[in-house]
Structures are given as structure tokens and as C-alpha cells.
Amino acid sequence: MIRLKMIFMSTLLLLLATSATALCCTTMIVTKGASADGSMLVAHSDDDELGDQRFILVPARPQEGKRQIFAEHYRYPRISTKERGPAYDTGAPYTKPLYKLAYKKIWAILGHEVPISYAYYDGAYGIMNEHNLMMGECTNGAYYEPKPNNGDKPGPMRLFYSSELSRIALENCKTAREAITLMGGLIDKYGFYSTGETLLVADPNEAWVMEMCALGDQSAHSAWVAQRVPDGMVFVAANEFRIRNVNFKDKTHKEFYWSKHLPKGVIQTGHWDGKTPFDWLMAVSPGEYNHPYYSLRRVWRVLDRVNPDLGLSPWVKDGYTTAYPFAIAPKNKLTPQDVFSLYRDHYEGTQFDLTKGVAAGPYGDPHRFVGPYDNPQNNISKSTTPLAGAWERAISVFYQGYTFVCQWRPNAPDMTKGLVWYGPDVSYTSCFAPFFAKASTLNTAYSSGSPQKLDRKAAWWAFDYVNSLSRLNFQRMTSNDIQPLQHELEQESLQFVERMDKIMANPPKSAPLILGTEATTNSNHILEQWWNLGDMLIAKYADGYINLPNGRYSDPEPSTMPIEIGYPSTWLDKTNYSQGPTSYQMK
């Protein structure tokens with residue numbers, strides 16, 4: 001198949017002008033056979049550049065009349081409405097819906113009615129519902145990225161982006177196959193807009209990858225495919241479509257589902273000749289997002305850490321490489337804590353280690369801020385600007401808004417089988433707290449607060465506070481102060497989950513309320529410890545010293561004198577330190 005990126009470049013530049021800002025995330029699946037205890041895991045880091053960071057519990061509610069469909073929006077508040085529970089009724093002017101769609105039309109695609117919606121956790125995208133249906137997301141580049149159309153403009157209707165699709169699925173579906181059928185049917189009938197998208201969809205039994213995009217054809221206006229992740233395997237996506245060859249002969253959907261507009265749509269838009277083997281990535285996308293290795297380096301890193309015996313190379317020919325398998329078997333089966341570790345990665349110990357080099361400063365800071373000389377991280381419409389250079393894109397990146405790991409546990413009581421491990425702000429300096437899928441309440445600290453105003457009642461700010469302070473002396477603070485507390489509190493949370501398992505072995509009628517109340521108590525303890533940590537860090541590292549309450553440890557008698565830190569000699573050698581005023585002679 002002829003590589004279409006060059007052929008359609010002139011068309012692509014025109015089409016990308018309609019691009020929308022999106023979120024550049026890393027998302028993973030660990031199937032039951034790949035996890036240490038048979039859990040199904042779906043994980044996602046929402047890298048949203050100070051967007052709306054709230055973790056919200058949307059309660060079950062009657063589904064009558066029509067459902068509001070909102071356009072994608074990430075700034076605070078992402079949605080303001082009274083129809084999705086009190087957390088979304090912020091007092092701000094209500095968001096105008098893009099469209100109102102009759103529930104009967106949704107149910108016609110689903111195949112049955114759901115008079116009362118299912119409760120679910122929500123963020124920038126839907127996360128997990130009370131029936132343990134789990135989702136993750138990442139954004140991808142696509143050849144055509146149009147704006148929404150509710151029918152008031154010429155052209156096909158385009159009502160849906162992945163954010164609202166994921167929420168509708170969690171409100172109405174119990175299984176991954178139901179969710180794929182519903183979301184795919186909505187795309188086929190009512191259209192898709194904006195960037196390409198990957199949604200991970202898993203239930204206690206199966207895990208699927210669903211990818212979608214708009215097409216520039218009037219009738220075949222949108223397309224999507226879904227591929228099952230075999231049990232025993234681990235999957236990762238990082239801002240590039242990961243599905244390649246689609247088996248259109250799989251009529252029983254053992255491994256694949258696909259849009260009714262495929263393959264017709266990509267033939268009509270000229271992105272496939274209809275004869276050569278169909279490659280989803282090449283047929284709908286210009287390939288890697290933002291700049292070379294922006295996506296693929298993260299895919300390589302996860303796969304290589306999960307199974308280094310595969311010997312996968314970090315170097316590939318181009319963004320359409322087939323060097324990285326769709327999914328792999330891990331060398332050792334994974335726990336949620338292993339997944340936390342993957343999300344806390346800066347390529348440590350590799351040639352791409354962001355804690356090394358001049359850019360890391362004297363204290364090994366892996367953060368690489370972007371500015372006017374860099375491609376915008378979350379707007380592919382400007383990604384055609386020639387690059388003067390580029391930073392490696394780490395999994396733990398400075399603009400992470402939150403990270404979660406959904407877990408369904410086969411050996412737990414029914415009430416505690418499903419939970420979300422949720423960590424606000426940057427994963428490396430955050431702390432994951434567990435929240436149960438069947439809880440009826442959620443800690444209000446996690447569902448409140450704007451990133452534009454510091455708020456000590458908002459959970460996200462506790463973690464952003466510590467993360468911001470960590471850059472004063474990154475390696476010393478993280479290794480000596482932050483990570484020890486992080487490990488301690490996450491271990492305490494594991495013990496908390498075990499205690500709740502024992503309580504819920506014979507659940508009382510008030511079990512959903514108990515789950516919410518106890519998770520709030522546990523997460524409030526974490527927040528208290530994290531705020532205290534931040535305040536301690538300010539005092540301990542004041543003015544570039546180590547300011548210990550008991551003075552120097554080496555003093556025979558405690559002193560109040562601070563300890564000088566200075567800079568490592570390896571870093572001083574890279575500065576003009578040696579040319580400083582060390583003598584009275586002219587230099």
C-alpha cells in the first residue's frame with residue numbers, strides 16, 4: 001500500500017485548520033490473565049493543561065424525554081447543568097446543549113430501554129459505572145477534524161465526540177460489547193467531530209479498544225473500529241491510533257467490530273484503494289501526533305517495561321511503524337501498583353532519561369515546559385510548524401490533570417469488586433486513593449475546585465501544591481520526602497480496601513453509603529497528609545537550604561543553622577562557575 005501521508009499532505013494541511021484543542025493522554029489495559037490477581041484494569045492519564053480536574057460521581061437518574069448532548073469542553077467548568085447531579089450544578093450559567101436527543105432513539109440502537117440510568121464516575125471523559133464497565137481515552141490525529149454540527153449548518157450532522165459517547169455508554173450499558181454497539185451506532189447515525197479518538201472499553205470479562213474519527217464524505221461521514229484485547233495481554237495507546245489491519249470477514253465479531261461506513265468512507269475520500277490490505281491507522285490518520293516519537297516513545301517504554309525480553313527498539317522507521325505489537329504478554333503479571341509505576345515514568349535509566357542533562361538543571365528535574373518555540377502539545381492544528389527541536393514526551397508529564405486506574409477484582413465481595421484508584425495532578429508526585437464503583441457518595445474535595453484559583457478545600461490543589469514545590473530541589477524532595485509518604489499512604493489504602501472487603505462480605509442495606517463515607521474518610525486522611533507535606537517542604541527547603549527543625553544532624557549539640565545545599569559538581573562544571581571571582585587577577 002502506498003504511504004498516503006505525502007500524497008494527501010496538501011489536503012491535510014487544509015483540513016487540520018479546523019482542528020480542535022484536545023487532550024494528549026496515555027491509556028492502558030491490563031487484562032485478567034495479565035494481572036497478578038485476575039483483576040481487569042483500565043488506566044488513563046488525563047494530560048489536560050490546567051483543564052477541569054474534578055472527579056465527579058454522576059448519580060443514577062430517570063431517563064425521560066430527551067438527553068442533553070454537550071460539545072467537548074475542558075476548561076472549568078466542563079459542563080454546568082442540573083441534569084447530572086449536584087457536582088455539575090456549580091452556580092455558573094448553564095451550558096447550552098449542542099443538541100437534545102430522545103432517549104428512545106438511544107435505546108433503539110442499544111436494543112432495550114434503561115429507564116433509570118446507571119451511576120458512574122466522570123472526568124473529562126466517563127470513567128467507570130456501578131456495573132464495573134470501565135473506560136480510558138487518548139486523542140489522535142486524523143485526516144479530517146471538523147467542528148460539531150447540530151443540523152443548523154450545511155453538511156452532515158456531527159453531534160458526538162468521545163466524551164459524551166463515553167458518558168452515554170456508562171449511563172446505559174453493563175458490558176463492553178453493549179457499549180461499543182451503542183457508541184458505534186450513535187457515531188454512524190448522528191456523526192462524529194473533532195480529533196481522532198481512542199476509547200478503551202472493558203468489563204469484568206472482556207477488554208476492547210475502540211477508535212473513531214470523522215470522514216470528509218457527505219454520506220459516509222464518520223468511521224470507527226474496535227478490536228478485542230486477548231486475555232493475558234497488556235495494551236497501551238499514547239496519542240496515535242493503535243489498530244492496524246481490520247478483518248472485515250469477522251461477521252460474528254469475535255475480534256472486531258466496525259462502522260457501517262467502513263470501508264466505503266475511506267475509499268470515497270481517497271484514503272484507501274479498496275484492494276490492498278486495509279490498515280486503519282494509514283487510512284484515517286497522518287500518523288504520529290505532534291512530533292516524531294511524541295507518541296511512539298511512550299508506547300515503546302510501556303511495552304519494554306512490561307516485557308523487556310521482547311527487546312523492542314525505541315527507534316523506528318516512521319510513524320506508521322508496525323514494530324510495536326497491538327498487545328503483549330507481560331513478563332510478570334501486574335498489580336495496580338505496577339501500573340502506578342508505569343505512569344510515574346520519565347525514561348529513568350535509558351538514553352532518554354529526562355532526569356539527566358543540562359535541561360534537568362542541578363537537581364535532576366524531569367519536567368520540560370513548552371513555550372512559543374515548541375509545537376503546542378494539545379492542538380494538532382498547529383503541528384505543521386517546523387521544529388527547531390523537541391523534548392522527549394514522558395508518560396508522567398508536567399501538564400497531567402489526573403490519573404486513574406479502574407480495577408475489577410474477581411475475589412472481592414460484590415460491593416467492593418469495582419474501584420477507581422484516583423490520583424490528582426502529576427502522577428509522579430500524586431497519591432492514588434481508592435473509590436468504590438458502587439458507592440453512593442464521593443468526597444466533595446475531589447469533585448470541586450478550579451485550577452485557576454488556589455483552593456485548600458479542593459483535592460487537586462493539594463497535589464499541584466506539592467508538585468510545584470518539588471521543582472525547587474526535585475531529586476532530593478521526591479526521594480526523601482514525597483515518595484516515602486506516597487508509598488506509606490498507598491499501602492494504607494490497600495489495607496483500607498481489605499477492611500472494606502471484610503465489612504462487605506455481608507453487606508448491610510446502607511452499603512453504598514458506607515462505601516462512600518469510608519472512602520471519603522480515607523481520602524481526607526491522604527489530603528491532610530499531603531497539605532502538611534507541602535507546608536513542610538516550604539519550611540524545610542526555604543531559601544535554597546535544608547532547614548531542619550533540629551539543626552544539623554552532625555552537630556554534637558543541635559543547632560538552628562541551616563544546611564547549605566549548593567549545586568552538584570557535575571552541574572557546576574557545565575556553568576561559568578569556574579570563571580567566577582576566585583582571584584584579584586583580570587580574566
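Counting from 1, the numbers follow the sequence of the chain as shown. The figures that follow rest on heavy atoms only: side chains count, while hydrogens, waters and symmetry mates do not.
Between Leu527 and His525, every side-chain heavy-atom pair lies at or beyond the 4.5 Å cut-off. Looking only at side-chain heavy atoms (C-beta outward), Glu528 and Asn532 come within less than 4.5 Å of each other. With a 4.5 Å cut-off on side-chain heavy atoms, Phe398 and Asp365 do not count as touching. Here the side chains of Arg242 and Trp280 are not in contact, with every heavy-atom distance at 4.5 Å or above. For the pair Tyr545 and Glu564, the minimum side-chain heavy-atom distance is below 4.5 Å. For the pair Tyr363 and Ile565, the minimum side-chain heavy-atom distance is below 4.5 Å.
Checked against the 6.0 Å centroid threshold, Trp531 and Tyr465 count as a close aromatic pair. Between Phe55 and Tyr422, the gap from one ring centroid to the other is short of 6.0 Å. The aromatic ring centres of Tyr446 and Phe435 sit less than 6.0 Å apart. Ring centroids of Trp460 and Tyr402 are separated by 6.0 Å or more, keeping the two rings apart. Less than 6.0 angstrom separates the ring centroid of Trp571 from the ring centroid of Tyr567.
Neither side chain, Glu348 nor Thr355, offers a donor N or O lying under 3.5 Å from an acceptor on the other. For the residue pair Ser450 / Gln452, a side-chain donor-acceptor distance below 3.5 Å is found, with atom types taken as modelled. Remark: the Glu240 side chain and the Ser295 side chain contain no N/O donor-acceptor pair separated by less than 3.5 Å. Counted by atom type alone, Glu72 and Tyr74 present one or more donor-acceptor pairs between their side chains at under 3.5 Å. In this model, a donor atom of one side chain and an acceptor atom of the other lie less than 3.5 Å apart for Thr335 and Asp338. Side chains of Gln407 and Ser39: a donor-acceptor N/O pair is present below 3.5 angstrom, by distance only.
A search for ring-ring contact (aromatic ring centres under 6.0 Å, His included) contacts involving Tyr88 returns nothing, not counting sequence neighbours. With sequence neighbours excluded, the residues that form a ring-ring contact (aromatic ring centres under 6.0 Å, His included) with Phe326 are Phe235.
Between the side chain of Asp345 and the main chain of Tyr347, a donor-acceptor pair closer than 3.5 Å is present. The backbone N or O of Leu199 sits nowhere less than 3.5 Å from a side-chain atom of Glu137 that would complete a donor-acceptor pair. Remark: the backbone N or O of Ala87 is paired with a side-chain donor or acceptor of Arg54 at under 3.5 angstrom. Between the Ser45 side chain and the Asp47 main chain, no donor and acceptor come within less than 3.5 Å of each other. Ser285 places no side-chain N or O within 3.5 Å of a backbone atom of Met282 that could act as its donor or acceptor partner. Within the 3.5 Å criterion, the main-chain N or O of Trp461 finds no donor-acceptor partner in the side chain of Gln53. Ser80 places a side-chain N or O within 3.5 Å of a backbone atom of Ala92 that can act as its donor or acceptor partner. No donor-acceptor pair closer than 3.5 Å links the side chain of Trp530 to the backbone N or O of Cys431. Here the side chain of Glu197 pairs no donor or acceptor atom with the backbone of Cys213 at under 3.5 angstrom. Side-chain atoms of Thr321 never come within 3.5 Å of backbone atoms of Lys317 as a donor-acceptor pair (strictly under, hydrogens ignored).
Just one of Thr198, Thr195, Asn239 meets the side-chain hydrogen bond (donor to acceptor under 3.5 Å, both in side chains) condition when paired with Asn140; it is Thr198. Of the candidates Phe352, Trp391, Trp315, Tyr293 forms a ring-ring contact (aromatic ring centres under 6.0 Å, His included) with just one, namely Trp315. Checking Phe474, Phe340, Tyr343 one by one against Tyr428, the ring-ring contact (aromatic ring centres under 6.0 Å, His included) holds for a single residue, Phe474.
Here CG of Asp279 is found 11.0 Å from CD1 of Ile243. Values are rounded to the nearest 0.5 Å. Here the OG atom belonging to Ser569 is positioned 10.5 Å from the NZ atom belonging to Lys574, to the nearest 0.5 angstrom. Between Ile127 atom CD1 and Cys406 atom SG the span is 6.5 Å, to the nearest 0.5 Å. In this structure, CG in Asp481 is found 12.5 Å from OG1 in Thr429, a value given to the nearest 0.5 Å. Rounding to the nearest 0.5 Å places CH2 of Trp300 at 10.5 Å from CZ of Arg305. For the atom pair CG of Asp122 and CD1 of Ile56, the computed distance is 6.5 Å after rounding to the nearest 0.5 Å.
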Checking Thr95 against His73 for the side-chain contact (heavy atoms from CB on, under 4.5 Å) test, could you report, in this order, the C-alpha distance in whole Å, the side-chain angles of both residues, the deciding distance, and whether it holds? CA-CA 10 Å; Thr95 307; His73 182 72; over 6 Å; no
Chi angles and distances behind the side-chain contact (heavy atoms from CB on, under 4.5 Å) call for Cys25, His44: CA-CA 7 Å; Cys25 313; His44 166 89; 3.7 Å; yes
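The stretch residues 485-498 participates, sequence neighbours left out, in these salt bridge (charged side-chain N to carboxylate O under 4.0 Å, His left out) pairs: Arg344-Glu490.
In this structure, Arg298 is positioned above the aromatic face of Tyr294, its NZ or CZ under 6.0 Å from the six-membered ring centre and within 45° of the axis.
Between Lys540 and Asp535 there is no salt bridge, since no side-chain N of the basic residue sits under 4.0 Å from a carboxylate O of the acidic one. One finds a salt bridge joining Glu392 and Arg297 here, because a Lys/Arg side-chain nitrogen approaches an Asp/Glu carboxylate oxygen to under 4.0 Å. Salt bridge status for Arg75 with Asp52: absent, with no side-chain N to carboxylate O gap under 4.0 Å.
Atom CG of Asp309 sits in a crowded spot, with more than 12 heavy atoms from other residues, nucleotides or ligands closer than 6.0 Å.
Using cut-offs of 30° and 60° for the angle between ring planes, the Tyr125 and Tyr161 rings count as tilted.
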